[in-house]
Amino acid sequence: AMRQLPYFCRGEVVKGFGRGSKELGIPTANFSEQVVDSFPSDIPTGIYYGWACVGNGDVHKMVLSIGWNPFYKNTKKSVETHIIHTFKEDFYGEILSIVITGYIRPEKNFDSLDALISAIQEDIEEAKRQLDLPEHLKLKEDNFFHLPEGKIVNN
């Protein structure tokens, strides 16, 4: 996994492929290409976990996928964050701040949508367990999550 953990990243949420919510029932927030391109090139693709905050909202547990999504045969690398929280509305154009604290597994291909969904559900459960550990939990309170005033988002 990443030598650089914890990895801090912030950027605008852009419209992705629209698959997360519709096909998987697992909404994800996509970073813009500039943010994705700014990630260290030696970050292994795969599934990570950490903390996420939209605007100046609350900090929530998250699962993050870095990679080419082999199931969907993408050609550009994407970084997609699934925040483990139900939002009332989408937040395109908002600033998403994340801290990646740990690594779950490499990226892999799946034979079916059902297999992909159940793997993601397992990743979410693993993330929840790991993020309750003191060394990960302390990053929830990091000052990185305090944006300058004026950027308040509906939680």
Side-chain angles (χ1 to χ4, degrees), residues 1-2 4-40 43-74 76-133 136-137 139-140 142 144-145 147 153-155:
M2 281 162 73
Q4 300 96 333
L5 293 183
Y7 183 75
F8 295 79
C9 176
R10 176 177 287 138
E12 188 178 340
V13 177
V14 299
K15 275 201 184 336
F17 298 100
R19 295 186 295 235
S21 309
K22 293 184 192 64
E23 287 186 33
L24 305 178
I26 302 161
T28 59
N30 293 66
F31 280 123
S32 70
E33 274 184 32
Q34 295 96 302
V35 175
V36 175
D37 291 343
S38 74
F39 268 64
I43 291 182
T45 58
I47 309 301
Y48 294 82
Y49 58 84
W51 301 100
C53 174
V54 179
N56 248 336
D58 297 329
V59 179
H60 300 287
K61 294 177 177 179
M62 65 82 167
V63 175
L64 180 101
S65 151
I66 300 176
W68 282 273
N69 293 8
F71 185 78
Y72 287 112
K73 300 182 170 51
N74 287 1
K76 264 199 84 71
K77 190 147 82 168
S78 71
V79 175
E80 296 182 49
T81 304
H82 168 67
I83 302 173
I84 304 171
H85 174 76
T86 304
F87 289 87
K88 290 196 271 294
E89 55 193 18
D90 64 38
F91 41 82
Y92 298 123
E94 294 289 350
I95 298 296
L96 174 65
S97 303
I98 64 168
V99 177
I100 304 172
T101 66
Y103 178 77
I104 298 179
R105 62 172 175 85
E107 192 173 40
K108 55 177 187 262
N109 205 345
F110 294 93
D111 300 329
S112 70
L113 206 53
D114 286 345
L116 172 60
I117 291 168
S118 70
I120 295 171
Q121 297 296 354
E122 283 168 28
D123 295 336
I124 289 169
E125 292 311 309
E126 176 68 9
K128 286 178 177 172
R129 281 193 297 272
Q130 294 291 339
L131 288 162
D132 282 337
L133 299 174
H136 298 303
L137 199 55
L139 283 154
K140 183 180 183 178
D142 198 278
F144 176 74
F145 288 118
L147 281 178
V153 68
N154 177 357
N155 275 309

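Heavy atoms only: backbone and side chains are in, while hydrogens, waters and symmetry mates are out.
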I'd like to know whether Leu133 forms a side-chain contact (heavy atoms from CB on, under 4.5 Å) with Gln130, so could you lay out the CA-CA distance, the side-chain angles of the two residues, the decisive distance to 0.1 Å, and finally the verdict. CA-CA 6 Å; Leu133 299 174; Gln130 294 291 339; 3.4 Å; yes
Using the side-chain contact (heavy atoms from CB on, under 4.5 Å) rule, take Val79 and Leu64 through it: C-alpha gap first, then chi angles, then the decisive distance, then the call. CA-CA 7 Å; Val79 175; Leu64 180 101; 3.6 Å; yes
Return yes if some donor-acceptor pair links the side-chain N/O of Trp51 with the main-chain N/O of His136 below 3.5 Å, else return no. yes
Can you name the side chain to side chain donor-acceptor pair (under 3.5 Å) partners of Gln121, sequence neighbours left out? none
How far does CD1 of Ile66 sit from CD1 of Ile43, to the nearest 0.5 angstrom? 5.0 Å
Sorted by chain and residue number, the salt bridge (charged side-chain N to carboxylate O under 4.0 Å, His left out) partners of Asp132 (sequence neighbours excluded) come out as Lys61
I need the minimum non-hydrogen distance between Ala115 and Ser118, along with the two atoms involved. O-OG, 3.2 Å
On a heavy-atom basis, the closest approach of Val59 and Lys140 is O-CE, 3.2 Å
Can you check whether Met62 reaches Ile100 side chain to side chain, under 4.5 Å on heavy atoms? yes
Residues Asp123 and Val63: closest non-hydrogen pair is O-CG2, 4.0 Å
Between His82 and Tyr49 (judged by ring centroids, cut-off 6.0 Å), do the two rings come close enough to count as a pair? no
Mind checking salt bridge (charged side-chain N to carboxylate O under 4.0 Å, His left out) for Glu122 and listing every partner two or more places apart, or none if nothing turns up? none
Does the side chain of Thr81 come within less than 4.5 Å of Leu96's, by heavy atoms? yes
Nearest heavy-atom pair of Val35 and Arg10: which atoms, and what distance? CG2-O, 4.1 Å
In sequence, state the C-alpha distance, the side-chain angles, and the governing distance for Glu89 and Phe87, and then conclude on side-chain contact (heavy atoms from CB on, under 4.5 Å). CA-CA 5 Å; Glu89 55 193 18; Phe87 289 87; over 6 Å; no
Nearest heavy-atom contact between Val99 and Pro6 is CG1-CB, 3.8 Å
By ring pair (Phe, Tyr, Trp, His ring centres under 6.0 Å), Phe144 pairs with (sequence neighbours left out) Phe8
For Phe31, enumerate each residue passing the ring pair (Phe, Tyr, Trp, His ring centres under 6.0 Å) test, keeping only those at least two apart in sequence or located in another chain. none
Under the salt bridge (charged side-chain N to carboxylate O under 4.0 Å, His left out) rule, collect the residues that match up with Glu125, sequence neighbours excluded. Lys128
Any side-chain heavy-atom pair of Thr45 and Glu107 under 4.5 Å: yes
Between Leu137 and Leu131, is there a side-chain heavy-atom distance shorter than 4.5 Å? no
Applying side-chain contact (heavy atoms from CB on, under 4.5 Å), run through Thr101 and Leu5 and close with a yes or a no. CA-CA 6 Å; Thr101 66; Leu5 293 183; over 6 Å; no
Taking the ring of Tyr7 and the ring of Phe39, is the distance between their centroids below 6.0 Å? yes
Which atom pair, heavy atoms only, marks the closest approach of Phe145 to Ser97? CE2-O, 3.5 Å
